[in-house]
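What follows is a single structure, written as structure tokens, with notes after it.
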Amino acid sequence: MPTSAPVHDYDLFVIGGGSGGVRAARIAGSHGARVAIAESDRYGGTCVIRGCIPKKLFAYAGSFSGLFEDAAAYGWEVAPPRFDWATLVRNTSDRVAHLESIYRRLLDGAGCAIFDHRARLVDRHTVQVGDKRVTASRIVIATGARPFVPDAPGIEHAIVSDDAFHLDPLPERIVIVGGGYIAVEFASIFHNLGCRVTLVHRGEHVLRGFDVDVRQALTGHLAESGMTLRMENTVTGVEKQPSGQLEVALSEDQPVRADAVLCATGRVPNTSDLGLERAGVELAPSGAVVVDEYSQSSVPNIYAVGDCTNRVNLTPVAIREGHALADSLFGGNPRPVDHEAVPSAVFSAPPVGAVGLTEDEADERGYDVDVYTSNFRPLFHSMTGRRVKDFMKLVVDAESGRVLGAHMVGEDAPEIMQGFAVAVKMGARKADLDATTAIHPTSAEEFVLMREKRAR
Ligand code: NDP
């Protein structure tokens, strides 16, 4: 018997070539599905092209400045170092281009049809991509998010994080607006690269959503580093002077002069002008695609993964969502994505690492908690004389002894926290940490040496 021809051109059409979309396409292709993917910009999306990867490379560049200074305490005589911004921009851009080519190769290897065009839904099975119209049994929206810039007169003179990787020249003075991940990461990068940074944030402490002690510790570190903090302030206007300089008016302080203003005031789902409403896909007031735990939208054959769903907006989460979706649809392994105890890191200077509940979240969930903290000068800085202190915190359920959250501000916090994230996810108890032998001398060992409960 001849098999009937497929009803649609593709089994799966993915709109968006970032981390979540590429993973969904690749895995679906490896399961034998006929897959197409469309991306109007560069494959790799925010993380690879204008986010995590170039940001981390810039953070590495910034980290040298402190090391050059600290080297003297260890006997090194370092000639006054000179930093060339153009070299960093060029080398980072080359690296990103290489990663982009790997993404394309992976898609190609999985047999996916690649469209370098913007795609829009015509109806729930039809996609307009460039000048072609194709149909698919299932469609995945993986269009990510874009920077949100609050309204203020002259705010069009501000840049967003996408632009920060291509500034020419490196600004001598920069105002950074916001107190979230992106604001504190870029404030640290530009400060370490020698710019005079003013961080303007509407709150008292940076990093809302993180543990209160972490927020206080990092805010203190940023202030002590020598950058200027203008907390509990908003930007009320930006005026371009005839000299090209920008005058930034603040709600509670004197205006600040700068060569650049970077707005890092959050991101919004990239869901407009995609034909989603036309296809009947429900959107939240934020613009996020409303999905269930299997990433299925209100239209049964349309799914969404990653930041456009505004669940936990992190690359590894988008990747897990894309992978789980492809396995669910084509791999015979249906499963939701677990969004509990997702670890994350902020690559500020010093960096932050965290997993699980903050102390406030544990209280809100009705736990009776024990809190353990440690504040200590890392061995490295006992020689340099820098007044740097690392901070660590454990939030423990008093009843079961389970570690609900682990938090750190200090060198290597992101690296250290990955291992503790496994322990927290496995339900480790404080007694398990106590029973673990320390690795000495490290900073990480503090996590298994905390004995004194903090008074609450
Ligand atoms: P965040 O949501 O983390 O922070 C936004 C900041 O802007 C907050 O401090 C917020 O203040 C402030 N803000 C929002 N609206 C206004 C306004 N109208 N006026 C003044 N300030 C305002 O967003 P980011 O842009 O920093 O990052 C976006 C997302 O990207 C993050 O949520 C994160 O998931 C992801 N990301 C992750 C990274 C990592 O894993 N290392 C790195 C970079 C980004 P308030 O706190 O008062 O609301």
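All figures in this text were calculated on a predicted structure; none of them were measured in a lab. Start at 1 and go down the list; that is how both ligands and their atoms are numbered.
Evaluation of the ring-ring contact (aromatic ring centres under 6.0 Å, His included) rule for F420 yields F447 as partners, not counting sequence neighbours.
In this structure, F186 has its ring center no closer than 6.0 Å to that of Y181.
Of all protein heavy atoms, the one lying nearest to atom 45 (P) of ligand 1 is R208 NE, 3.3 Å.
Of the candidates A145, G179, G180, G180 brings a heavy atom nearest to atom 1 (P) of ligand 1. For atom 16 (C) of ligand 1, the nearest non-hydrogen atom from the set R267, R202, H205 belongs to R202. Taking only non-hydrogen atoms, the option from E185, R215, E204, K56 nearest to atom 42 (C) of ligand 1 is E185.
Summarising the geometry, atom CG belonging to D84 is positioned 7.0 Å from atom CZ belonging to R90; distances are rounded to the nearest 0.5 Å.
Checked against a 3.5 angstrom limit, the closest N/O atoms of P150 and ligand 1 fall outside it. Ligand 1 has an N or O atom lying under 3.5 Å from an N or O atom of Y181, backbone or side chain. Of the N or O atoms in T234, none lie within a sub-3.5 Å distance of an N or O in ligand 1. The distance criterion of under 3.5 Å between nitrogen or oxygen atoms is met by G266 with respect to ligand 1. Remark: ligand 1 and F148 share no N or O pair separated by less than 3.5 Å (distance only, no angle test). Annotation: G203 places no N or O atom under 3.5 Å from an N or O atom of ligand 1; distance criterion only.
Remark: ligand 1 atoms within the under-4.0 Å shell around heavy atoms of K55 are 41 (N), 42 (C).
Each of R365, R454, R215 was compared with E359 under the salt bridge (charged side-chain N to carboxylate O under 4.0 Å, His left out) criterion, and only R454 meets it.
Between S344 and ligand 1 there is no heavy-atom distance shorter than 4.0 Å.
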Could you list the donor-acceptor pairs under 3.5 angstrom formed by side chains in residues 53-60, with sequence neighbours left out?
unit_1: K55; atom_1: NZ; unit_2: E185; atom_2: OE1; d: 2.8
unit_1: K55; atom_1: NZ; unit_2: E185; atom_2: OE2; d: 3.3
unit_1: K56; atom_1: NZ; unit_2: Y60; atom_2: OH; d: 3.4

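Here the closest non-hydrogen pair linking V352 and P414 is O-CG, 4.0 Å.
The residue V206 has no part lying near ligand 1, judged by heavy-atom distances below 4.0 Å.
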